[in-house]
Amino acid sequence: MIEHRLQQTIGEVLASLYNIEATADSIVLQTTRKEFEGDFTLVVFPYVKQARKSPEMVANEIGAAVKERIAEIESFNVVKGFLNFKIGDAYWLQFVGSEKDNATFGIKQCAAGAAPVVVEYSSPNTNKPLHLGHIRNNLLGWSVSNLLAANGHNVKKVNLVNDRGIHICKSMLAWQRYGNGETPESTGIKGDHLVGKYYVEFDKHYKEEVRQLMEQGRAEEDAKKEAPLMVEAQAMLKKWEEGDKEIRDLWNMMNGWVYAGFDETYRQMGVAFDKVYYESQTYLLGKELVQKGLDMGVLFRKEDGSVWCDLTGDGLDQKLLLRRDGTSVYMTQDLGTALLRHNEFGAERLVYVVGNEQDYHFKVLKLVLSKLGFDWADKVYHLSYGMVELPNGKMKSREGTVVDADDLIAEMEKTAEEMSKEHGKNDDMSQEEQKQLYHMLALGALKYFILKVDPTKTMLFNPAESIDFNGNTGPFIQYTHARIRSIVRKGIEEQNLDLSQTIDGMSLTEKEREIIKSLHDLPSVVEQAAENYSPAMIANYAYDLCKNFNSFYQDTPILREENGRLKCFRVQLCQMVSTAIRNTMNILGIEVPERM
């Protein structure tokens with residue numbers, strides 16, 4: 001790419017003119033602002049002091065020397081300390097000619113034998129169905145995995161199912177007490193929803209017990225610990241860890257209901273995993289590591305039998321690793337899972353896609369792994385993301401105040417159908433084609449609305465805004481792609497255009513240059529987005545590309561162009577834009593229709 005040559009040549013010129021050592025990577029080029037002429041801008045102020053000349057003089061000297069060495073530079077201009085380079089049309093035309101048939105444009109291939117990047121996402125609890133918060137987690141994990149793969153990494157997508165613990169026992173106990181033998185088959189309720197119903201039921205009865213104990217004079221904290229339901233749930237967890245057959249059979253049955261429900265929701269969302277881990281299979285390895293830590297003197301046991309790690313010297317506090325009754329906590333199984341994955345994959349990185357409420361947890365995980373002597377602890381990376389909130393505040397699973405993932409997807413599909421019919425987008429489609437389109441638009445709207453927000457930010461979800469065919473939305477991009485594919489089909493099928501022909505020696509309009517420059521940016525955008533774990537950068541690139549295309553489409557004749565060579569070139573541009581849209585949307589996990 002021309003910018004890399006520019007960076008390298010500028011480095012050579014700086015050394016030659018001013019004896020300034022600057023690597024190509026350290027030289028920052030910006031896209032020239034629209035009010036100035038040029039394509040790439042170098043800010044020269046960092047070099048002025050060593051050059052001992054005015055910013056304008058330094059910029060002019062660098063510009064002249066670089067232009068002399070790179071034939072593709074048509075001209076340069078200086079605005080104070082800003083050096084703007086304009087690239088000639090020949091380069092842009094050559095770029096189109098070399099990439100117009102490249103179906104994987106912007107996507108790097110994985111190097112053979114590359115160590116994998118293991119990305120964990122989803123990590124649901126088997127006591128409730130997936131909700132809106134899980135949707136952001138799954139979509140972010142899936143798209144980040146795709147993004148890393150698009151940048152040439154060998155990615156392994158994994159899921160750790162939280163299938164054991166006190167929260168699971170709460171649902172189990174409530175089903176025993178109040179379920180009357182209900183099953184998904186007898187009720188027609190999806191399995192994960194049925195189990196979630198009893199998690200809410202437990203909380204309702206537990207709060208009533210706490211209230212009664214407080215009326216009898218117990219302090220709130222004591223009442224919460226002594227409530228009969230909580231005592232029985234803790235006893236059930238201990239029995240589970242001891243392998244009690246009756247408890248394990250109930251656990252297997254109810255988890256089976258949940259897994260069937262999860263699989264259906266994952267299929268609807270369009271996400272999957274290379275491997276699924278279960279905490280019930282990793283917590284024992286975590287316990288072994290805790291014992292190792294005790295033997296090493298890294299961990300210590302308190303008088304009540306609980307095991308802790310003292311992190312006060314690291315600016316944190318003491319962290320519980322085993323309860324006093326010997327049962328494990330989240331950290332215990334995360335230690336075991338991390339070791340299991342490292343040994344299994346020999347990973348380059350272990351990426352955890354988990355909300356920012358767990359920032360402390362992952363600081364502790366890395367510190368404890370390091371104290372246990374694992375030199376790969378610094379390979380653990382927590383991709384911390386903001387929560388999803390609703391106009392009326394946060395969601396609470398135990399109180400049943402959540403936006404259920406299945407219900408949300410169904411509602412989005414209904415809205416997509418209404419909007420499509422209103423805009424006449426599907427009049428010539430069969431019923432099956434219409435159904436597929438509604439699902440594609442619904443998921444495109446949902447995924448794009450969530451992924452266009454920087455992962456680190458808390459976001460407010462508004463379904464009504466997400467599915468508009470205008471503005472910064474998934475359906476707008478999907479519709480733009482369908483429009484472009486229609487132009488390309490007509491050019492090939494109705495006008496017999498040969499898109500394989502080479503186009504050169506032409507003069508570009510400003511609109512054409514804008515489109516080509518946007519396309520030219522794609523590989524570097526993918527690279528930067530992967531470095532920042534930010535699908536939002538891909539989403540915003542796709543939106544800007546579509547805006548540029550629609551401006552080009554409104555102002556420029558394409559199939560109505562009388563000059564045959566020019567018409568062919570513009571259809572080639574259309575084809576490249578559709579490829580770029582498809583590849584960027586594929587990174588986000590969004591399908592784009594061939595027609596609407």
Side-chain angles (χ1 to χ4, degrees), residues 1-99 105-106 108 151 504-532 534 537 540-541 544-545 548 580:
M1 293 294 182
I2 190 71
E3 58 263 50
H4 298 144
R5 289 175 56 202
L6 268 171
Q7 289 171 310
Q8 184 174 348
T9 304
I10 290 168
E12 295 168 358
V13 167
L14 287 170
S16 173
L17 293 179
Y18 313 115
N19 199 29
I20 295 174
E21 295 297 326
T23 63
D25 290 341
S26 70
I27 295 168
V28 179
L29 290 175
Q30 304 171 354
T31 300
T32 303
R33 291 165 55 179
K34 290 188 176 181
E35 59 264 37
F36 302 115
E37 183 181 26
D39 300 305
F40 300 102
T41 296
L42 173 71
V43 180
V44 303
F45 294 112
Y47 314 112
V48 167
K49 185 175 181 180
Q50 282 182 266
R52 297 181 179 180
K53 295 182 179 180
S54 70
E56 291 84 352
M57 186 174 293
V58 171
N60 275 292
E61 289 179 349
I62 294 174
V66 171
K67 184 177 184 303
E68 187 176 321
R69 299 182 187 205
I70 299 180
E72 288 86 351
I73 295 177
E74 179 180 293
S75 63
F76 70 91
N77 64 83
V78 175
V79 180
K80 296 184 178 179
F82 298 88
L83 170 57
N84 304 315
F85 294 101
K86 183 177 181 181
I87 309 302
D89 289 349
Y91 172 80
W92 301 118
L93 289 167
Q94 184 274 331
F95 164 71
V96 173
S98 65
E99 299 292 350
F105 174 64
K108 293 181 184 176
N151 204 41
D504 53 21
M506 297 169 49
S507 294
L508 297 172
T509 67
E510 275 306 307
K511 297 290 185 182
E512 289 165 345
R513 284 176 64 91
E514 283 300 312
I515 288 288
I516 297 171
K517 286 163 63 177
S518 292
L519 292 167
H520 191 266
D521 287 342
L522 178 55
S524 62
V525 170
V526 172
E527 185 175 330
Q528 292 170 29
E531 288 174 359
N532 290 280
S534 177
M537 295 175 70
N540 291 318
Y541 168 86
D544 288 340
L545 177 61
N548 280 342

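The aromatic rings of Tyr91 and His520 sit perpendicular, their planes meeting at an angle over 60°, well past the 30° parallel limit.
A donor-acceptor contact shorter than 3.5 Å is absent between the side chain of Tyr18 and the backbone of Val13. For Ser26 (side chain) and Ala22 (main-chain N/O), no donor-acceptor pair under 3.5 Å exists by modelled atom type. Asn84 contributes no side-chain N or O that, together with a main-chain N or O of Phe36, makes up a donor-acceptor pair within less than 3.5 Å. One N or O on the side chain of Ser98 and one on the backbone of Phe95 form a donor-acceptor pair closer than 3.5 Å.
Inspection of the Thr32 and Asp39 side chains reveals no N or O donor paired with an N or O acceptor under 3.5 Å.
Under the 4.5 Å side-chain criterion, counting only non-hydrogen atoms from C-beta, Lys34 is in contact with Glu514. Side-chain atoms of Phe85 and Ile10, non-hydrogen and from C-beta on, do get closer than 4.5 Å to each other. Between Pro55 and Phe82, every side-chain heavy-atom pair lies at or beyond the 4.5 Å cut-off. Val43 places none of its side-chain heavy atoms less than 4.5 Å from the side chain of Val28. When side chains are defined from C-beta on, Val525 does not count as touching Asn540, because their heavy atoms never get closer than 4.5 Å. Within the 4.5 Å cutoff, side-chain heavy atoms of Lys53 are placed close to those of Glu61.
Around the CE atom of Met57, the shell of radius 6.0 Å holds no more than 12 heavy atoms that belong to other residues, nucleotides or ligands. Within a 6.0 Å sphere centred on CD of Glu531, other residues, nucleotides and ligands contribute more than 12 heavy atoms.
Atom CD in Glu99 sits 12.5 Å away from atom CD1 in Ile516 (nearest 0.5 Å). Taking OG from Ser507 and CZ from Arg513, the interatomic distance works out to 10.5 Å, rounded to the nearest 0.5 Å. Rounding to the nearest 0.5 Å gives a distance of 12.5 Å between CZ of Arg69 and CG of Leu6.
Nearest heavy-atom pair, Leu93 versus Gly505, reported as atom, atom and distance to 0.1 Å: CD1-N, 4.0 Å. When every heavy atom of Ile27 is checked against every heavy atom of Gly11, the shortest pair comes out as CD1-N, 3.3 Å. Closest approach of Lys67 to Glu74, counting heavy atoms only: CE-O, 3.3 Å.
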